[in-house]
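Notes follow once the structure below has been shown.
Reckoned from all heavy atoms, side chains included, excluding hydrogens, waters and symmetry mates.
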Amino acid sequence: MRFRECQFTKTSLLAVLLFGLSLLFSSACSSEATKQKHLSRGEEFLQKRKFRQAVMEFRAAADIDKKSAEAHYGLARAHENLGEVYEAIQELQEVAALAPDNLDAKSRLGNYFLLIAPPQTDEAQKMINDIFSVNPKFVEGHILKA
């Protein structure tokens with residue numbers, strides 16, 4: 001009798017474990033879908049010039065995936081349109097770290113480094129060098145350099 005009870009316990013434990021793993025995998029897929037939904041809503045709000053709502057959507061996407069360069073870039077653009085320069089700089093620095101190939105974010109960041117007082121010309125020069133190391137013909141990089 002005892003042997004039979006142990007088999008039942010092991011089987012039920014294995015079933016619970018498999019169920020838990022399936023929930024874990026399904027929640028990972030749903031979080032990616034949720035992140036994409038927040039990103040698309042954030043883009044819609046940017047187009048409609050509803051920047052506070054865009055910040056909320058992009059922040060939700062960034063909370064779901066801390067390493068989402070798209071979410072941080074959306075946040076930077078929303079903060080930029082709200083006139084929140086330092087928040088935009090912070091988000092653009094995050095984008096530059098997460099997606100070194102995002103040249104548009106680097107050129108915007110370089111422009112902000114020159115805009116703030118006192119101008120951070122060394123940081124702007126680093127952005128120019130990063131841009132030209134990826135694409136020496138990037139127009140915005142040449143505008144920043146000028």
Side-chain angles (χ1 to χ4, degrees), residues 7-146:
Q7 281 184 331
F8 179 72
T9 304
K10 288 180 183 178
T11 306
S12 63
L13 180 64
L14 181 63
V16 168
L17 181 64
L18 289 174
F19 180 72
L21 286 174
S22 67
L23 283 177
L24 179 69
F25 289 126
S26 67
S27 70
C29 294
S30 68
S31 68
E32 181 64 29
T34 305
K35 179 185 87 168
Q36 289 300 326
K37 187 175 12 172
H38 286 296
L39 288 173
S40 64
R41 274 197 242 150
E43 291 295 333
E44 288 175 21
F45 283 131
L46 279 179
Q47 290 175 357
K48 293 177 182 178
R49 304 188 59 78
K50 295 181 178 183
F51 302 120
R52 285 282 169 219
Q53 290 92 338
V55 167
M56 293 173 64
E57 291 296 334
F58 287 125
R59 176 65 56 207
D63 287 343
I64 291 171
D65 182 7
K66 304 272 188 243
K67 295 185 178 185
S68 173
E70 298 165 335
H72 288 287
Y73 189 57
L75 273 169
R77 290 181 294 146
H79 285 303
E80 180 179 50
N81 285 303
L82 288 169
E84 299 170 345
V85 174
Y86 292 104
E87 290 84 357
I89 290 172
Q90 185 178 15
E91 294 300 332
L92 287 170
Q93 286 174 326
E94 190 72 26
V95 173
L98 293 172
D101 58 333
N102 190 334
L103 301 182
D104 189 42
K106 286 185 177 186
S107 68
R108 285 179 187 223
L109 183 57
N111 284 319
Y112 277 120
F113 283 143
L114 294 176
L115 175 71
I116 59 176
Q120 302 203 355
T121 55
D122 293 339
E123 295 296 323
Q125 187 60 47
K126 285 180 189 175
M127 289 298 112
I128 292 169
N129 294 339
D130 287 349
I131 290 169
F132 288 149
S133 69
V134 175
N135 183 359
K137 295 182 179 184
F138 188 65
V139 174
E140 297 293 324
H142 288 283
I143 293 171
L144 176 60
K145 186 176 180 180

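Rounded to the nearest 0.5 angstrom, Ile64 CD1 and Lys37 NZ are separated by 9.0 Å. Rounded to the nearest 0.5 Å, atoms CG (Leu144) and CZ (Phe113) are 10.5 Å apart. Here Gln120 contributes atom CD and Leu115 contributes atom CG; the two are 11.5 Å apart, rounded to the nearest 0.5 Å. Rounding to the nearest 0.5 Å gives a distance of 12.5 Å between CG of Asp63 and OG1 of Thr34. Considering CG of Leu109 and CG of Leu103, their distance stands at 12.5 Å, rounded to 0.5 Å. Between the CZ atom of Arg52 and the CZ atom of Phe45 there is a distance of 14.0 Å, given to the nearest 0.5 Å.
Closest heavy-atom contact between Leu46 and Gly74: CD1-O, 4.4 Å. Among all heavy-atom pairs drawn from Val134 and Pro100, the shortest one is CG2-O, 4.3 Å. When every heavy atom of Ala71 is checked against every heavy atom of Ala62, the shortest pair comes out as CB-N, 3.7 Å. Nearest heavy-atom pair, Phe132 versus Phe138, reported as atom, atom and distance to 0.1 Å: CE2-O, 4.2 Å. Counting all heavy atoms, side chain and backbone alike, Val55 lies closest to Leu82 at CG2-CD1, 3.9 Å. Taking each heavy atom of Gly42 and Phe58 in turn, the nearest pair found is C-CZ, 3.4 Å.
For Lys126 and Glu123, the salt-bridge test passes: some basic side-chain N is under 4.0 Å from an acidic carboxylate O. The existence of a salt bridge linking Lys66 and Glu94 is excluded, since no basic side-chain nitrogen approaches an acidic carboxylate oxygen closer than 4.0 Å.
Checked against side chain to side chain donor-acceptor pair (under 3.5 Å), Glu80 has the following partners two or more places apart in sequence or in another chain: Arg108, Tyr112.
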Go through it in stages, so that I can follow the logic: the residues are Gln125 and Asn129, the test is side chain to side chain contact (heavy atoms under 4.5 Å, CB included), and I'd like the CA-CA distance, side-chain angles, deciding distance and then a yes or no. CA-CA 6 Å; Gln125 187 60 47; Asn129 294 339; 3.1 Å; yes
What verdict does the salt bridge (Lys or Arg N to Asp or Glu O under 4.0 Å) test give for Arg59 and Glu91, after you've listed the backbone C-alpha separation in whole Å, the side-chain angles of each residue and the deciding distance to 0.1 Å? CA-CA 11 Å; Arg59 176 65 56 207; Glu91 294 300 332; 3.3 Å; yes
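Inter-residue side-chain proximity for Asp104 and Tyr73 is flagged as met; some heavy-atom pair is nearer than 4.5 Å. Between Glu70 and Gln36 there is a side-chain heavy-atom pair separated by less than 4.5 Å.
For the side chain to side chain donor-acceptor pair (under 3.5 Å) with Asp65, the qualifying choice from His38, Lys35, His72 is Lys35, the only one to do so.
Inspection of the Glu84 and His79 side chains reveals an N or O donor paired with an N or O acceptor under 3.5 Å.
A donor-acceptor pair is defined here as one N or O able to donate and one able to accept, closer than 3.5 Å; no such pair exists between the side chain of Lys106 and the backbone of Ile128. For Asn135 (side chain) and Ile131 (main-chain N/O), no donor-acceptor pair under 3.5 Å exists by modelled atom type.
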